[in-house]
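Worksheet: the structure to be examined is printed underneath.
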Amino acid sequence: MDKSAKTKLASDIENRLDDFFGEQRPAPSATASYSLEKLKSAVLSIDWEITDACLTDLIDQSEALLPHFETDPITHALLRMLRALGRYIRKRKARSHQDAIKRVMSVFSSLETLINDKQLDEGQRKRIVAREIQAFKKLKEQIENQRAVKYAAVPAAPHDEREPTQNELSALLEHQKFKQAMQAVEERLSAEVKELKAKVDTLQNELKTIRRS
Amino acid sequence: MAVINIRKKEVQIKIVYVGPGRGGKTTNLEYLFSSIRHRIQSDMVSIKTHGDRTLFFDFLPFDLGTIQGYRIKTQLYTVPGQVKYNATRKLVLKGVDGVVFVADSMAVMREKNIQSLENLRENLAFYDLDMYKFPIVLQYNKRDLNSPDIPILDVATLQQDLNAKLKAPYFEASALRGDNVIATVKKIISETIVSIQEHLA
Ligand SMILES: Nc1nc2c(ncn2[C@@H]2O[C@H](COP(=O)(O)OP(=O)(O)OP(=O)(O)O)[C@@H](O)[C@H]2O)c(=O)[nH]1
Ligand SMILES: [Mg+2]
């Protein structure tokens, strides 16, 4: 490969990597001023790359806006949801629920609509926030259920008084871990089967209506 | 060697994170996964014992997109760092295209780092690969530790111990905070692709 082809390759690789991983931004400064623009860029950064810095920015910016909407409970609720989601994702990182980021995007987009669209009447505003609250509650429930499953699988304390030996403990742990893993796999499979069954049902129904007509 | 499918215009590259036990390999992958998970289809797979030690490996595959008409599929692996798992390490290193060596900056880990790098050299040699001519990036991890109770090695010492002969690119990092985690992976991916390209030419 000649030299210019080499340089070209190197810069193509670099561009692709920058696009994929995102440019690394410096951590945000502590002085947060009050504007939706800052919150927006925090949200966009998260869509791009989920880092502690972006999430902290999201939390800070939501918080900074809160006092401005003390008298507007609808907007206030959305900001609090954003802050809660930011805190949750920052804490759980890779282990956070797969829909959490989607929620952030959705709540922010509703927030933007509420603030920017002056044509909305009170009923429309309420419907928007009600939808977000419902989705938020659903996510919360799912997260709590995930945890409930894990705790449910933790071994019960031994009946006799003596402390289990190291060997017994590790055997128990290994066994429980394996059981948990199996349970997770089983749950996932049965969810998939359920979904497939539902699809088959709708297809069969469609077929019936086609036959009838 | 990378799996290259000329007809489908697809290249699959395998990058393995190695280094002493508890050095932060899994933490690197976890951070990467949390940064890109919303943009990739795949999941990260971890096989751990209790206490979070890697038992077999961690695996994070993703589609990087297209470079010069070739779709680049990347697979990141970690190996278990504990000395006793060498058979597993060897196995995971099979077909490796690039290596990130995650060194632990804690002063107490000085010997472990050196031994682990030597172990890598042997394992690569097992596959007829010469570590000194192989795409490798060093990461001096846990730079965030600066309490007086936990002394850390200075970079000059780490360089002297690990990189005097290798002369590989290196980063000071904190996998826990995410500092330079992405810079490390970007560097190894680009070193690896360039090396594959050179082998083809
Ligand atoms: N302070 C600090 N701790 C870290 C850093 N990176 C990892 N750790 C911690 O070090 C411990 C071990 O990290 P792992 O990522 O599991 O290490 P590993 O290299 O995968 O270990 P093995 O799987 O046993 O080979 C964990 O408690 C991490 O939280 C870092 O940059 N700074
Ligand atoms: Mg590990």
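Chain naming here is simple, since letters A, B, ... match the order of the sequence lines and numbering starts at 1 in each.
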Pick from B:Glu30, B:Arg177, B:Gln68 with the largest number of heavy-atom pairs that fall under 4.5 Å of chain A:
B:Gln68

A cation-pi test, strictly: NZ or CZ of B:Lys186 under 6.0 Å from the centre of the six-membered ring of A:Phe21 and no more than 45 degrees from its axis. Yes or no?
no

Do the ring centers of B:Tyr77 and B:Tyr17 come within less than 6.0 Å of each other?
no

Going from OH on B:Tyr70 to CD on B:Gln197, what distance comes out if it is rounded to the nearest 0.5 angstrom?
9.0 Å

Bottom line for A:Lys8: the part with an atom under 4.5 Å from chain B's heavy atoms is both

Is B:Lys25 salt-bridged to B:Asp58, going by a charged N under 4.0 Å from an acidic O?
no

Chain B heavy atoms under 4.5 Å from A:Gln98: which part of the residue, side chain, backbone, both or neither?
both

Under the criterion side-chain contact (heavy atoms from CB on, under 4.5 Å), which of B:Ile40, B:Thr74, B:Asp63, B:Val185 is the partner of A:Phe20?
B:Ile40

Using heavy-atom distances under 4.5 Å, tell me whether B:Leu64 contacts chain A through its side chain, its backbone, both, or neither.
both

Region of B:Ile72 that comes under 4.5 Å of a non-hydrogen atom in chain A
neither

